[in-house]
Amino acid sequence: MATMRLTAFGWISGLGALAYTAINLLGDVSLFAANTLAWMVRRRPAASAFWSSCYNVGVRSLPVVAITGMFIGMVLAVQSYHEFYNLGLATRLGSIINISVVRELGPVLAATMIAGRVGSAMAAELGTMRVTDQIDALTCLGVNPVHYLVVPRFLACVLLIPLLTVLADAMGIIGGAVICVDVYHVEGHHYWTHSQEFVRAWDIMSGLIKSVFFGAVIALVSCHRGYNCRAGAEGVGRAATEAFVASFIVILILDFFLAMFLNDLSARFFPSTGKLL
C-alpha cells in the first residue's frame, strides 16, 4: 500500500514539475516577446543589421521555397486527378488544388521550410554568441542585445515570410496547372475558369495573414532558444534543434486557431459564392 502511495505521489510530482516548467517557459517567452516589441517601437534597428537579416531570411530562402511550392502543387495534382476524373470533375481540379495551396499548404509548408533553414540558423548564431560571451560583451558596451540582435531578425521574418508565401503559392499553382493541363490533358480554359470562380481574394489574404503570424513565431521562438542557449557545443546544437521543433509545433497549433477564426470571419462578412459542384 505504501509503495502504491509513493508511486502515485511520484506521478503527481512529475506532472506538477512538468506543468511548472511549461508555465515558466511560456512566461519567459512572453516576456522576451514583449521586450522585443518594446524595443522595436522605441528605436529603429541598425540598417546594416536589418538588411543583412532580410538577405538571409528572404533572398537565400527563395530556391527552397520555390521548389517546395512547385512540388506541393504537382503532388496535389497527381494525387487528386484520378479521383476527380472518375467522378467526371477533372476540370474542377484547379479549384481544389489552388484553394488548398493558397489557404493552407502554401503558408504552412513555406513557414516550415523557413523554420528549418532560417530559424535553426538564428538559434545557432545567437547560441554561439551566448556561449562565446559576445552577448555579454554587447551589454558591457552599452548596446541592448535584444534591440541589436533580435529586432532586425524579427522584422525580417514578419515582413518577408508573407512575400515568400506568395512565391510558394504562385509556384504551387503553376506546378498543379502544368501536371493537370500538360500531363493529364485537362482542358485549360475550364481549369482556369473554375479556379477563378472558386478561389476568392479572401482565401489568398487569409493565407498571407497566417504567414505574418508564422513569421513572428519563427523569429521569437528561434531567437529565444538561441539567446538562452546553454554552455558548450552541445547546448548550441540543442538550441538549434529545439528552435525548429518548437517553431513547427507552434505553427501547427497557431494554424488551427487562425483557420477557425478566419473561417468564422469569412462566413460572417464574406459569404461564399463559389461552389465546387
Side-chain angles (χ1 to χ4, degrees), residues 22 25-46 49-61 64-65 68 102-127 144-169 204-228 239-240 242-262 265:
L25 179 61
L26 180 61
D28 193 27
V29 173
S30 300
L31 292 175
F32 185 82
N35 193 18
T36 301
L37 295 176
W39 275 105
M40 185 177 64
V41 175
R42 187 180 305 176
R43 187 189 307 168
R44 290 184 299 177
F50 174 70
W51 290 117
S52 177
S53 298
C54 288
Y55 177 79
N56 291 327
V57 173
V59 177
R60 299 184 65 179
S61 299
V64 65
V65 171
T68 302
V102 300
R103 293 190 67 171
E104 287 297 331
L105 295 179
V108 171
L109 292 182
T112 301
M113 296 302 297
I114 295 169
R117 200 202 72 79
V118 176
S120 298
M122 286 182 181
E125 185 177 0
L126 293 184
N144 186 276
V146 173
H147 174 261
Y148 185 75
L149 299 174
V150 179
V151 171
R153 292 168 171 82
F154 177 81
L155 288 175
C157 288
V158 170
L159 295 176
L160 294 181
I161 290 182
L163 299 180
L164 293 171
T165 300
V166 172
L167 175 64
D169 292 345
I204 301 174
M205 287 302 301
S206 63
L208 296 180
I209 292 171
K210 290 180 182 179
S211 65
V212 173
F213 288 93
F214 294 162
V217 163
I218 291 170
L220 290 175
V221 171
S222 301
C223 291
H224 177 267
R225 290 290 82 205
Y227 194 85
N228 296 279
E242 291 175 352
F244 172 69
V245 174
S247 297
F248 181 64
I249 293 174
V250 175
I251 284 171
L252 294 180
I253 296 173
L254 192 60
D255 179 59
F256 170 75
F257 288 104
L258 286 175
M260 293 184 61
F261 172 74
L262 293 173
L265 195 66

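Both backbone and side-chain heavy atoms feed into the values below; hydrogens, waters and symmetry mates do not.
Applying the salt bridge (charged side-chain N to carboxylate O under 4.0 Å, His left out) test to every pair with at least one member in residues 25-37, sequence neighbours left out, gives no pairs at all. Applying the side chain to side chain donor-acceptor pair (under 3.5 Å) test to residues at least two apart or on different chains, the pairs with a partner in residues 148-159 are Glu125-Arg153. Pairs passing the salt bridge (charged side-chain N to carboxylate O under 4.0 Å, His left out) check and including a residue from residues 207-224, sequence neighbours excluded, read Glu104-Lys210, Lys210-Asp255.
Here Leu252 pairs with Val108, Phe248 under the side-chain contact (heavy atoms from CB on, under 4.5 Å) rule; sequence neighbours left out. Evaluation of the ring pair (Phe, Tyr, Trp, His ring centres under 6.0 Å) rule for Phe32 yields His224, Tyr227 as partners, not counting sequence neighbours. For Ser61, the side chain to side chain donor-acceptor pair (under 3.5 Å) partners at least two apart in sequence or on another chain are Arg117. Ala33 is linked by a side-chain contact (heavy atoms from CB on, under 4.5 Å) to Leu220, counting only residues two or more places apart in sequence or in another chain. With sequence neighbours left out, Val151 forms a side-chain contact (heavy atoms from CB on, under 4.5 Å) with Thr36, Trp39, Met40, Pro45, Leu155. Remark: Ala156 pairs with Ser53, Cys54, Val57 by the side-chain contact (heavy atoms from CB on, under 4.5 Å) rule, at least two apart or across chains.
Side chain of Ser211 to backbone of Leu208: a donor-acceptor contact under 3.5 angstrom is found.
Rounded to the nearest 0.5 angstrom, Phe214 CZ and Thr112 OG1 are separated by 8.0 Å. Distance check, rounded to the nearest 0.5 Å: CZ of Phe244 to CD1 of Ile249 gives 10.0 Å. A distance of 5.5 Å separates CE in Met122 from SG in Cys223, rounded to the nearest 0.5 Å. Taken from OG1 in Thr68 to CD1 in Ile114, the straight-line distance is 9.5 Å, to the nearest 0.5 Å.
Annotation for Ser120 and Ala240: closest pair OG-O, 3.5 Å, computed over non-hydrogen atoms. Nearest heavy-atom pair, Gly106 versus Ala168, reported as atom, atom and distance to 0.1 Å: O-CB, 4.3 Å.
Side-chain contact between Ser52 and Pro152: absent, with no pair of heavy atoms (C-beta onward) separated by less than 4.5 Å. Val102 has its side chain out of reach of Ser206: every pair of non-hydrogen atoms, C-beta onward, lies at least 4.5 Å apart.
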When the side chains of residues 157-167 are checked against the rest of the protein, which donor-acceptor pairs come out under 3.5 Å, sequence neighbours left out?
unit_1, atom_1, unit_2, atom_2, d
Thr165, OG1, Ile161, O, 2.9

